[in-house]
Amino acid sequence: MATVMEDIQALEARHVLQTYRRQPITLVRGEGVRLWDAEGREYLDLLSGIGVASLGHANPGLARVVAEQAHTLLHTSNLFFHPLQGQLAERLAHLSGLPRAFFCNSGTEAVEACLKFARRYWHTLGETRTEIIALENSFHGRTMGALSVTSDEHYRAPFAPLLSGITFVPNDKPEVIAQAITRNTAAVIAEPIQGEGGVQMLTPAFAAAINDACRRTGTLVIADEVQSGLGRTGYPFYSAAIGLKAQLMSLGKALGGGVPVGAALLSEDVARKIAFGDHGSTYGGNLLACRAGLFFLDELVGGGLLAQIGRVGRHFDKQLHALAARHSIVKEVRGMGLIWGLDLNIDAAAVVPAGLARGVIVNRTAETVVRLLPPLTITEAEVDDALARLDQALTDVTQQRTN
Ligand SMILES: Cc1ncc(COP(=O)(O)O)c(C=O)c1O
């Protein structure tokens with residue numbers, strides 16, 4: 001007889017478009033940093049659904065407000081006012097320094113909105129500035145605009161032609177990006193930490209070069225904080241930590257704690273160039289999304305989570321470097337707070353199933369990197385427990401290679 005897992009997988013194989021190569025486990029329940037599969041096996045989650053389950057799984061407070069909102073009013077569209085969208089926008093404004101928000105439902109939509117707003121800015125000013133500078137090793141999403149500023153040919157090639165006028169420059173050469181930004185550049189888009197790109201962190205010197213060139217030429221800066229923002233590094237936004245001055249910012253992932261929410265934040269100067277009807281979304285900023293976002297920000301700022309991330313992050317840093325020192329396959333440890341990459345001198349693919357076998361969920365990105373994005377609520381004791389399992393998994397992978 002087929003197991004529950006075999007039934008689920010067979011049904012998907014027949015009817016779900018096959019775009020994801022899933023790991024062969026079926027997750028059915030969660031609590032905090034723990035997940036359980038259909039066979040009752042427990043895992044410590046160092047990935048949080050790629051940086052989304054920011055408050056841990058089945059967070060009781062989030063569950064309560066989501067249920068309350070579902071019993072009150074979920075959705076009205078943007079044709080009417082509701083009480084929560086302005087509140088969420090105000091809270092994001094205080095946290096980011098960017099006073100206006102446009103709400104959408106995902107990271108790629110937030111990037112898409114930023115690109116459109118940058119285009120609209122120059123159109124309003126009557127200038128034909130449409131060129132965009134993006135970074136090598138970038139990932140901004142899968143819709144056509146976001147894909148156009150994503151560097152990986154593997155993602156791009158099947159969908160060509162993409163937007164024209166995009167130039168990719170190295171992510172670590174201040175003098176090159178400074179030269180590339182001209183009076184024809186509409187905007188520069190950058191992830192302060194390139195998460196999909198293997199947890200590559202921009203430096204303050206690189207940020208300063210962008211700031212200087214953009215100030216000189218009037219070019220807009222879009223900080224894509226979908227992965228690095230909202231407390232992930234222990235800072236509200238990593239762009240501010242490295243001094244990158246953005247007029248536009250894209251957010252997603254952590255904001256809804258699992259409820260799909262995205263946002264594009266804008267400076268007042270850019271916002272003034274946007275007119276009624278320029279952009280829209282049926283779902284964007286509905287009551288459910290805003291209620292979840294408000295609850296997340298309450299926890300992050302009011303509930304002391306930001307300070308906890310800083311503390312647990314330093315512990316993570318220490319323990320991860322100690323782990324790396326025990327494994328010759330680890331070449332480099334990169335990250336901060338609760339976003340980390342272990343860059344290996346082998347393909348990291350084998351670490352994922354080895355981790356599952358040892359009861360820890362991690363992700364492989366940029367071929368050689370084991371990426372860790374745990375729930376922001378993870379404690380020191382849970383870090384120790386999860387890293388002990390990862391330690392075993394890395395030993396298993398090393399042994400498999402020598403056998
Ligand atoms: C920096 C960045 N931007 C945009 C996206 C796209 O977000 P989504 O998958 O929610 O569309 C991602 C997703 O990983 C991301 O890391």
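Start at 1 and go down the list; that is how both ligands and their atoms are numbered.
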Check your understanding: Looking at residues at least two apart in the chain, or sitting in another chain, which of them share a salt bridge (Lys or Arg N to Asp or Glu O under 4.0 Å) with Glu332?
Key -> Arg334

**Study point:** Selection residues 311-320 - residue pairs positive for side chain to side chain donor-acceptor pair (under 3.5 Å), sequence neighbours left out
**Key:** Arg311-Glu380, His315-Asp384, Asp317-His321, Gln319-Asp384

Check your understanding: Near ligand 1, which protein residues have a heavy atom under 4.0 Å away?
Key -> Ser106, Gly107, Thr108, Phe139, His140, Gly141, Glu191, Glu196, Asp224, Val226, Gln227, Lys253

Practice item. Kindly write out the residues that satisfy ring-ring contact (aromatic ring centres under 6.0 Å, His included) with Tyr155, not counting sequence neighbours, or none if the list is empty. Key: Phe139

Exercise for review: Indicate yes or no: does Glu68 engage Arg291 in a salt bridge with an N to O separation below 4.0 Å.
Suggested key: yes

Check your understanding: Counting N and O atoms only, with roles assigned by atom type, does the side chain of Asp37 sit under 3.5 Å from a partner on the main chain of Arg41, one being a donor and the other an acceptor?
Key -> yes

Exercise for review: Measure from the ring center of Phe102 to the ring center of Phe117 and say whether it is less than 6.0 Å.
Suggested key: yes

